[in-house]
Amino acid sequence: MQNARVANARELHDLNQKPNNNSHFPYELFQLLLPEMKRILLIILLSAAIGCEPVEKEVVEHEPEEPKIARNIIFMIGDGMGISQITAAMIANQKPLNLERFPVVGLIKTSAKDDLITDSAAGATAFATGEKVNNGVISLSEDGKPLKTILELFHDKGSLTGLAVTSTIVHATPACFVAHRSYRYMYEEIAWDIAHSDLDLFIGGGKKYFNQRSDSINLFDSLRSKGILTGFPMDSIEHGGPDNERPNFFDNHPPSMIDGRGDYLQIAASKSISYLNSDGNGFFLMIEGSQIDWGGHANDMKAIIAEMIDFDEAIGIAYDFAEKDGNTLLVVTADHETGGFAINSGKLNGDSLVGGFTTIHHTPAMIPVFAFGPGAELFSGVYDNTEIFHKFKQASGIKD
Ligand code: MG
Ligand code: ZN
């Protein structure tokens with residue numbers, strides 16, 4: 001009985017595949033060849049119409065134009081900025097975010113070498129060097145060799161380089177672009193690396209790791225002799241004289257938005273861009289919205305939204321510059337999602353938003369990548385976080 005049913009089902013299946021299986025006419029072959037036959041007929045007709053000109057040559061696509069090289073790269077990392085973090089800011093903002101201006105969007109997978117769930121050190125090392133490392137590692141290979149970073153490659157080709165963040169400058173995300181250490185919490189060692197690096201400017205907190213060190217060395221001497229500018233008034237990033245107001249070089253992290261950081265990141269972004277763009281030889285600038293992540297760890301939706309909107313305003317400054325400049329590739333992404341954050345309910349006007357969290361840690365959710373400017377099209381699709389480095393090299397014409 002069951003066998004008979006199976007046989008019937010198979011017959012039915014066969015019948016569906018071959019509607020004319022009683023005929024000897026090669027129906028399938030005919031259907032397969034039909035589009036090709038139509039194409040050949042069209043070519044014959046076209047040839048006749050334009051006097052036997054070799055039509056195939058006309059049909060062939062033109063040689064692709066040489067893609068424009070990105071002279072500058074502005075890379076913006078929203079630490080812990082997943083889709084829901086962006087969505088919450090979008091709803092709360094009640095006007096389009098600057099993130100909505102980007103023509104190209106992709107998705108990255110974020111895992112670390114030794115862990116499905118990355119930390120900010122492995123995440124930023126992947127962006128900065130194109131290599132997967134274990135969690136906690138700052139741009140160092142397994143056998144203890146420094147991994148060359150995209151920022152260092154820009155310096156090597158004669159471009160200026162900078163970092164502007166809302167955490168200490170020795171924190172994992174910025175550290176991975178200039179420092180090479182086995183463990184992210186080696187803050188004094190990372191400060192040493194920064195003070196002896198080829199950076200041209202940085203803005204962030206962490207002054208105490210430079211001038212109140214356990215080895216009693218004052219790294220400001222090194223910063224001065226290397227010509228590295230900071231937000232510290234004495235080493236103002238402004239050309240015509242010191243800026244005694246902001247951005248200050250805080251001893252520790254700059255405050256959160258809720259605690260009154262104000263327009264620190266916007267000033268940092270616009271001043272960094274104008275300083276680095278001043279010599280016309282290109283620049284690499286990494287700007288981080290460092291504290292979106294901390295809102296996620298604290299399961300604090302209000303903090304996430306405040307940090308997100310602040311970061312998005314800095315994105316607007318970078319986007320306006322890139323749009324006017326025409327030679328700047330602007331890429332915005334995150335190292336990972338934090339909190340397993342979702343929006344569970346809320347009103348259309350942005351009121352009464354209720355968020356939920358699945359963890360106080362990071363999650364392996366894929367992360368969006370937004371791109372604008374020369375080479376932006378390289379950033380569409382779904383790919384690994386290490387690809388960001390290779391795409392930067394390709395877009396800026398840096399050969400191996
Ligand atoms: Mg960070
Ligand atoms: Zn985190």
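Just so it is clear, the values below take in all heavy atoms, side chains as well, and ignore hydrogens, waters and symmetry mates. Order of appearance sets the numbers: ligands from 1, and atoms from 1 within every ligand.
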Taking distance alone, no hydrogens or angles, what donor-acceptor pairs closer than 3.5 Å link side-chain atoms of residues 280-287 to residues at least two apart or in another chain?
from: Asn281; atom 1: ND2; to: Asp279; atom 2: OD2; distance (Å): 3.4

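Here the side chain of Thr338 pairs no donor or acceptor atom with the backbone of Gly296 at under 3.5 angstrom.
Residue-environment remark: CD (Glu142) stays at or below the threshold of 12 foreign heavy atoms within 6.0 Å.
Checked for salt-bridge contact, Asp400 and Lys393 meet the test: a charged N lies under 4.0 Å from a carboxylate O.
Protein atoms that are N, O or S and lie under 2.8 Å from the Zn ion (ligand 2) are these: Asp293 OD1, Asp293 OD2, His297 NE2, His362 NE2. Neighbouring protein atoms of the Mg ion (ligand 1) (N, O or S, distance under 2.8 Å, waters ignored): Asp79 OD2, Thr173 OG1, Glu288 OE2.
Not counting sequence neighbours, Asp300 has no partner by the salt bridge (Lys or Arg N to Asp or Glu O under 4.0 Å) test.
Under a cutoff of 6.0 Å and an axis angle of 45°, Lys391 and Tyr383 form a cation-pi pair.
Side chains of Thr118 and His362: a donor-acceptor N/O pair is absent below 3.5 angstrom, by distance only.
Within the 4.5 Å cutoff, side-chain heavy atoms of Trp192 are placed close to those of Arg181.
Summarising the geometry of Phe202 relative to Ile228, their closest heavy-atom pair is CD2-CG2, 3.8 Å, with the distance given to 0.1 Å.
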